[in-house]
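Below is one structure, written out as structure tokens, with a few remarks after it.
Note that ligands are numbered from 1 as they come in the structure, with each ligand's atoms numbered from 1 the same way.
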Amino acid sequence: MKVKYLGHSCFLIEDLLIDPFISGNPKATVRPEEIKCKIICVTHDHSDHLGDAFEIARANDAVIVAIHEVAVLAQSKGLKAEGMNIGGSIEIGDWKIKMVEAKHSSDKGHPAGFILFNKKFNKTIYHAGDTGLFGDMKLIGDEGIDIALLPIGDRYTMGVDDAVKAVNLIRPKIAVPMHYGTFPVLTGTPDDFKEKSPVRTEIFEIGEEKDL
Ligand code: NI
Ligand code: MN
């Protein structure tokens, strides 16, 4: 399964894009017009996550998957959107998408994470969105996570030490750090996380694609 890191919390996994913060990201290595996808998951409406989602959705005729209130906003702009809420699942294309809790804030609706199951590759990815550590990550781990995408930057999300505790609750086969280094205040480093992580940890360069 092809996993490409586009910086901050943005990943392109096969035909599914998550949290495309591209044009506003000083470290981005692609332009929004270059991205091809069918589904765009948005964890919450902060600008470093909603980012270019609407423009990319329009250009690709892609469907936005987001919390109800953000989906309604997308629909009001003439876009295809599937609204959902914490605990719910939907199926689109090769994917079963479940929305789960995140401990954070948002302007509209509620911030979320996603459990993304790809039927073709039989793999489950957890994208935590922006969140602090919470004990119910253990329940997310009970779903059998192959790859966990976890924020480590600190200040607005978990820092490295709490992200390591999250790994212990989630028990993924592979952990991937995100939401660090984009701005100077996001001080957690991927090398520190990798050193402390109890599982295989993959650090991506921005723009790098790995077959996981
Ligand atoms: Ni946020
Ligand atoms: Mn953020």
Item to check | Residues D146 and K173 bridged, charged N to O under 4.0 Å | outcome: yes
Checklist outcome for this item: For H46, the N, O or S atom at the shortest distance from the Ni ion (ligand 1) is ND1
Next on the checklist: Tell me if the NZ atom of K196 is crowded by more than 12 foreign heavy atoms within 6.0 Å.
Outcome noted: yes
Checklist entry - Do NZ/NE/NH1/NH2 and the carboxylate oxygens of K36 and D15 come within less than 4.0 Å? => result no
Checklist entry - In terms of side-chain geometry, is the basic nitrogen of K165 or D161 positioned less than 4.0 Å from the acidic oxygen of its partner? => result no
Next on the checklist: Using a distance threshold of 2.8 Å, state whether an N, O or S atom of H49 lies below it from the Ni ion (ligand 1).
Outcome noted: no
Item to check | the Ni ion (ligand 1) - name of the N/O/S atom of D130 that sits closest to it | outcome: OD2
Checklist entry - Which residue, F21, Y126, Y5, F114, forms the ring-ring contact (aromatic ring centres under 6.0 Å, His included) with F11? => result Y5
Checklist entry - Closer than 2.8 Å to the Mn ion (ligand 2), do we get an N, O or S atom from H104, backbone or side chain? => result no
Item to check | the Mn ion (ligand 2) reached by H179 (N, O or S, under 2.8 Å) | outcome: yes
Item to check | N, O or S atom within D48 nearest to the Mn ion (ligand 2), by name | outcome: OD2
Item to check | the Mn ion (ligand 2) - name of the N/O/S atom of D130 that sits closest to it | outcome: OD2
Item to check | Side-chain heavy-atom pair D19, H127 within 4.5 angstrom cut-off | outcome: yes
